[in-house]
K.L.:
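For reference, the structure I am asking about is given below.
Chain letters run A, B, ... following the sequence lines, proteins first and then strands; every chain starts at 1.
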Protein chains: 2
Amino acid sequence: MAASAGVSPATVSRFLNGGRVRQSVAIGRAIDELGFRPSALARSLKSGSTRAIGVVVPDITNPFFAAVVKGIESVTRDDEYDLYLCNTDESVEREHRVVASLMAKKVDGLLMAPATEHAEPPSHLLSTGVPTVFIDRQLAEGDFDSVLVDNEGGAAQAAAHLISLGHERIAMISGPLETTPGRGRYEGFVEALRAAGLELRVEHTAFSDFRASGGYQSMLRLLAVQPQPTAIFVANNLMAMGALRAIHDLGLRIPDDISFLSFDSLDLGELLDPPLTVIDRPMEEQGVLAMRLLLNRMEHRDMGPPRTIRLETKLKVGASCAPPMSTLHKRVRGAAS
Amino acid sequence: MAASAGVSPATVSRFLNGGRVRQSVAIGRAIDELGFRPSALARSLKSGSTRAIGVVVPDITNPFFAAVVKGIESVTRDDEYDLYLCNTDESVEREHRVVASLMAKKVDGLLMAPATEHAEPPSHLLSTGVPTVFIDRQLAEGDFDSVLVDNEGGAAQAAAHLISLGHERIAMISGPLETTPGRGRYEGFVEALRAAGLELRVEHTAFSDFRASGGYQSMLRLLAVQPQPTAIFVANNLMAMGALRAIHDLGLRIPDDISFLSFDSLDLGELLDPPLTVIDRPMEEQGVLAMRLLLNRMEHRDMGPPRTIRLETKLKVGASCAPPMSTLHKRVRGAAS
DNA sequence: GGCTCGTCTGGTATCGATTTCTGTAATCGA
DNA sequence: TCGATTACAGAAATCGATACCAGACGAGCC
């Protein structure tokens, strides 16, 4: 390349980086003619920066993570950084591999959403000093940045709503307790029930995997229990889809036969019959905040203490939750007497 | 690194690549102690291969593309290739940037789903000889591999279904004609109507952008036309979501007020009331086939002529399409006379 | 013992850019 | 016109690995 423009490689380099160069026209022409593209590989090797950010999510088909990614992208100034988006399929093993690979590729920053966090946290991989922000996950050590949602609070809102409607036999499909959102939502829900003098009974609890298929199976199992629960709280959107399908397949009606409440809204939730009542939360915003935080760390050499940002949830009332039948009966009886 | 193990860099390299090395224990220990990870950058620079595949999609929040990605991943033997997943946000400009960046990063292969294909096809970027498979898109030149769905056929199935129910005032929300699926579905639909002696009238046609917001606006506009169409065919899933919302917001009922049929199924489509009738197609499989084709090109040096794989669509009948009211009236009148 | 052969090793060029350092020509003021 | 300053070009080292080549060493054979 340098030769074909009749200059030294150093001059080409200066030209590429916007330095003043007398032969710029000749170089420009040579570039066009040869279809020359500088190798990002060589550039990064020498410069030590790849201008790339790794994004690790457990399941890209989950609309929540898709939205988070969208938020992240909206912050990336276009020419500045590339994103390496990686899917771990909810597998710790794949997460390790993926992170190792990103480190080997020398990304300048890392955004990580949870698979699980027990079982050998990837922190030893992060000791490389690459700025990292966790999304929806908080490591036990607590010395990393996190952007979380108030899982406990949201679950408590859910419990409060169901309790206020008069439910007592309440069931829950929980996510894995090894994840921040799984544990937070479970504990928040249990605690809120307990505070109201209620109990989340073992036979009314299913621990699943945040996936639609798991939600389906769990719902079938919970509905086989007698007496049936009068309300169900599902800990995320995908399991909610599965659970809805199970209820539908069994021919049960919402909310007549069972009240339905989920954490995270569904894409078509408000078009369903009945429109779903959900614990809603900002999704894209979570990506936006995480990315901003990361860029801060990366660019301003922000070395302050680890920060945790916690977003608020909001109860969005549809029509999938109603007082339980038994309450209605009581009321009717009460009115009749 | 080499120094700290007391051997030459060449020996370390051999060790890393599984060659027989006498000092392997010493090297292994040094690696552990230093937390040494070989730089993928340097390795790729020298070897010319990055073991990475670029995947370019227009909108990762579209469940269709999410499913395609999942299919692609399922084929990737885990240790063999990394995926660089890139979102273009349906923008030609971003697509160019993304492809340029992937080329600079020297990916070994490329899977591209469409933004648009007119307006300066990225082929000049592909002249680098990087094996490329297009998904859902066919370049005019036709000298690239493609994995497509039978857009024309699917649209024709849609038309046939609506026609068989007796509809005549049929509307369509089409995607952009500059995309393969946009054009194919539009032309297939128009052609099928014409073959049946019907016409897709201008005021019953909306050209939109494959997005939910576009579908919403388009649906509002089409429903403002008098006389209202009795059936609507929507060219993709996201626009269908928007269109459903519009119908819902206007308080119209499906299929009583309007029959609804879309290309691509919706995640919760069969749980809606009524369950949607859709033109369905294999989604993950499209990713699987594309990836297999790409790996073939990459590894077996398959230099055969460009291949085009075309998947079949399938009409999945729900309950969102019914005979138009006018037909019912006629029938009623016919029966009464 | 001398020879060949096979196994392993270190030295060194290389991938393609950046970066420092030096050298030379151009520019300026006096 | 001269010396000082500026502006730019090229030579060469460098990033961290791989790959080729030549050399060291031990084993086996006549």
K.L.:
Round to a whole Å and report the spacing from CG of B/Leu16 to P of D/dA17.
P.N.:
8 Å
K.L.:
By nearest heavy atom, map B/Ala42 and A/Gly6 onto DNA chain D; which one lands nearer the 5' end?
P.N.:
A/Gly6
K.L.:
Do A/Arg97 and B/Asp82 sit within salt-bridge range, that is, some charged N less than 4.0 Å from a carboxylate O?
P.N.:
no
K.L.:
Side chain of B/Arg43 only, heavy atoms from C-beta on: which candidate in D/dT18, D/dC15, D/dG16 is closest?
P.N.:
D/dT18
K.L.:
How many Å lie between CG on B/Leu41 and C1' on D/dT18, as a whole number?
P.N.:
14 Å
K.L.:
Just the rounded figure in Å: distance from P of C/dT14 to CG of A/Leu45.
P.N.:
17 Å
K.L.:
How is B/Val12 classified with respect to the nucleic acid when contacts are heavy atoms under 4.0 Å: base, sugar-phosphate, or nothing?
P.N.:
nothing
K.L.:
Answer with base, sugar-phosphate or nothing: what part of the nucleic acid does A/Val21 contact at a heavy-atom distance below 4.0 Å?
P.N.:
sugar-phosphate
K.L.:
Among C/dT9, D/dG16, C/dG10, which nucleotide has an atom closest to any side-chain atom of B/Ser8?
P.N.:
C/dG10
K.L.:
Among C/dG11, D/dA9, D/dT18, which nucleotide sits nearest the side chain of B/Ala10?
P.N.:
C/dG11
K.L.:
Taking the side chain of A/Asn17 as heavy atoms from C-beta outward, which of C/dT18, C/dA17, C/dT14 is closest to it?
P.N.:
C/dT18
K.L.:
For A/Ser8 and A/Thr11, run side chain to side chain donor-acceptor pair (under 3.5 Å): C-alpha distance rounded to whole Å, both residues' side-chain angles, the deciding distance at 0.1 Å, then the answer.
P.N.:
CA-CA 5 Å; A/Ser8 79; A/Thr11 306; 3.2 Å; yes
K.L.:
Mind checking if B/Ser39 touches a base, just sugar-phosphate, or nothing, with heavy atoms under 4.0 Å?
P.N.:
sugar-phosphate
K.L.:
In whole Å, what is the span from the CD1 atom of B/Ile31 to the C1' atom of D/dG16?
P.N.:
14 Å
K.L.:
Given side chains that start at C-beta, do those of A/Glu285 and A/Leu289 come closer than 4.5 Å, heavy atoms only?
P.N.:
yes
K.L.:
Taking N and O atoms by type only, does the side chain of B/Arg37 place a donor or acceptor under 3.5 Å from a partner on the base of D/dG16?
P.N.:
no
K.L.:
Could you work out which one of C/dG16, D/dA9, D/dG16 sits closest to the side chain of B/Lys46?
P.N.:
D/dG16
K.L.:
Side chains of B/Ile60 and A/Lys70: does their closest heavy-atom pair fall under 4.5 Å?
P.N.:
no
K.L.:
From the list D/dG10, C/dA17, D/dA17, which nucleotide is the closest neighbour of the side chain of A/Arg14?
P.N.:
D/dG10
K.L.:
Could you walk me through whether B/Thr308 and B/Gln138 pass the side chain to side chain donor-acceptor pair (under 3.5 Å) test, one step at a time?
P.N.:
CA-CA 9 Å; B/Thr308 296; B/Gln138 195 162 37; 3.1 Å; yes
K.L.:
Is there a side-chain contact between B/Thr11 and the phosphate of C/dG10, meaning an N or O under 4.0 Å from OP1 or OP2?
P.N.:
yes
K.L.:
Atom CZ of B/Phe15 and atom P of D/dA17: how far apart are they, to the nearest Å?
P.N.:
14 Å
K.L.:
Does B/Phe36 reach a base, just sugar-phosphate, or nothing at all? Heavy atoms under 4.0 Å.
P.N.:
sugar-phosphate
K.L.:
Please compare B/Lys106 and B/Arg20 by the position of their nearest nucleotide in DNA chain C and report the one closer to 5'.
P.N.:
B/Arg20
